[in-house]
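Comments concern the structure below.
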Amino acid sequence: MKKVVIHSDGGCRGNPGPGAWAAVLTHGPHVREISGAVPATTNNRMELQAAIEALNALKQPCAVEFFTDSQYVQNGITQWLPGWKRNGWRTKAKHPVKNADLWQALDLAASRHQLTWRWVKGHAGHHVNERCDILANQAMDRIIREHTCEQLRQELQQFVAASAERPDTPPPLL
């Protein structure tokens with residue numbers, strides 16, 4: 001089984017606002033950088049999307065050491081997920097799990113691999129984590145350049161409205 005090291009990051013300008021995700025996948029001397037962006041989202045959704053995209057980029061099952069600077073992702077995947085699944089995607093307080101669509105996608109993507117999850121402090125000089133942050137910011141820059149201010153405003157309004165309609169995601173604070 002191939003051994004792969006993944007570092008990921010996600011971010012948002014405003015929360016919600018334009019957001020992006022990035023990951024660096026390393027297998028021996030081979031390094032692959034991936035990133036993407038959306039015009040309106042939240043920081044937590046981008047952190048989750050980064051993990052999903054990174055795992056889905058692997059073409060076969062791998063032994064993965066996965067580094068994230070998101071305690072939300074780290075705790076969710078290693079501690080909270082089994083309980084959410086057992087409780088029908090509800091928290092201990094019986095509320096719908098926030099971002100359940102992405103947690104389910106991450107659970108599926110992770111199920112193909114042997115994973116060891118590691119947390120790394122963000123913005124603390126960790127070289128590959130800093131590279132992920134740069135890639136995510138470049139992707140955010142691109143999405144902002146590709147949209148007018150009015151388009152970004154409309155995307156944000158649509159995102160907020162859709163979030164209010166989904167029972168798993170309370171409307172974000174603006």
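Values reported hereafter were calculated over all heavy atoms of this structure, with side chains retained and with hydrogens, waters and symmetry mates removed.
- When all heavy atoms are compared, the tightest approach of L58 to R112 is O-NH2, 2.9 Å.
- In plain terms, the two heavy atoms of A37 and A139 that are nearest each other are CB-O, 3.4 Å.
- Nearest heavy-atom pair, N15 versus N43, reported as atom, atom and distance to 0.1 Å: OD1-N, 2.9 Å.
- Expressed to the nearest 0.5 Å, how far NZ of K2 lies from CD of Q60 amounts to 4.5 Å.
- With contacts defined as side-chain heavy-atom distances shorter than 4.5 Å, the pair R86/P82 qualifies.
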Evaluation steps, side-chain contact (heavy atoms from CB on, under 4.5 Å), between R13 and N137: CA-CA 9 Å; R13 298 215 181 122; N137 275 292; 3.0 Å; yes
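- V64 and W119 fall into different hydrophobic clusters, where Ile, Leu, Val, Met, Phe, Trp and Tyr side chains are chained together by heavy-atom contacts under 4.5 Å.
- Other members of the cluster containing L108 do not exist, because no ILVMFWY side chain is joined to it at under 4.5 Å.
- Side-chain contact check for H7 versus R131: every heavy-atom pair is 4.5 Å or farther apart.
- N75 and Q71 share no donor-acceptor pair across their side chains, judged by distance under 3.5 Å alone.
- Rounding to the nearest 0.5 angstrom, the gap separating the CD atom in Q104 from the CG atom in N99 is 11.0 Å.
- The main-chain N or O of L102 is never found under 3.5 Å from a side-chain atom of R45 such that the two would form a donor-acceptor pair.
- Aromatic pair W103/Y72: centroids less than 6.0 angstrom apart.
- Under a 3.5 Å cut-off, the side chain of E47 and the backbone N or O of G10 do form a donor-acceptor pair.
- Distance OG1/T42 to NZ/K98: 10.0 Å, rounded to 0.5 Å.
- A donor-acceptor pair under 3.5 Å is formed between the side chain of Q151 and the backbone N or O of T148.
- Listed here is the closest heavy atom pair of M140 and G19: CG-C, 3.6 Å.
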Kindly indicate, with the supporting measurements, whether the criterion side-chain contact (heavy atoms from CB on, under 4.5 Å) is fulfilled by N44 and V73. CA-CA 8 Å; N44 283 341; V73 171; over 6 Å; no
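- Minimum heavy-atom separation, F159 to P16: CE2-CB, 3.8 Å.
- For the atom pair OG (S35) and CD (Q138), the distance works out to 7.5 Å, reported to the nearest 0.5 Å.
- The cluster map of Ile, Leu, Val, Met, Phe, Trp and Tyr, joined by side-chain heavy atoms under 4.5 Å apart, puts F66 and I77 in the same cluster.
- In this structure, CG on D69 lies 4.5 Å from CG on N129, to the nearest 0.5 angstrom.
- One hydrophobic cluster, built from ILVMFWY side chains closer than 4.5 Å, cannot hold both W21 and V5; they sit in different ones.
- Both I52 and L25 sit in one connected hydrophobic cluster of ILVMFWY residues. Membership requires side-chain heavy atoms under 4.5 Å apart, directly or through other members.
- Between K85 and D107 a salt bridge is recorded (basic side-chain N to carboxylate O distance below 4.0 Å).
- Using the six-membered ring where Trp is involved, H30 and H27 have ring planes that are parallel, under 30° apart on the 30 and 60° scheme.
- Here the OG1 atom belonging to T116 is positioned 11.5 Å from the CD1 atom belonging to I6, to the nearest 0.5 angstrom.
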Audit row: L55, H113, side-chain contact (heavy atoms from CB on, under 4.5 Å) steps and yes/no: CA-CA 8 Å; L55 292 172; H113 307 287; 4.0 Å; yes
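- I34 and V128 fall into different hydrophobic clusters, where Ile, Leu, Val, Met, Phe, Trp and Tyr residues are linked whenever their side-chain heavy atoms come under 4.5 Å apart, directly or through other members.
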Test side-chain hydrogen bond (donor to acceptor under 3.5 Å, both in side chains) applied to Q158 and Q154, step by step: CA-CA 6 Å; Q158 290 171 2; Q154 288 174 357; 5.5 Å; no
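- In terms of heavy-atom proximity, A109 sits nearest to N56 at CB-OD1, 3.3 Å.
- Remark: side-chain polar atoms of W117 are not paired, donor with acceptor, to backbone N or O of Q74 under 3.5 angstrom.
- Counting heavy atoms from C-beta on, the side chains of P96 and R90 come closer than 4.5 Å.
- For R32, the CZ atom sits in a loose shell: 12 or fewer heavy atoms of surrounding residues, nucleotides or ligands are nearer than 6.0 Å.
- The main-chain N or O of L152 is never found under 3.5 Å from a side-chain atom of H147 such that the two would form a donor-acceptor pair.
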Using the rule given for side-chain contact (heavy atoms from CB on, under 4.5 Å), can you reason through W84 versus T91, listing the C-alpha separation, both sets of side-chain angles and the distance that settles it, and then say yes or no? CA-CA 6 Å; W84 292 339; T91 65; 4.2 Å; yes
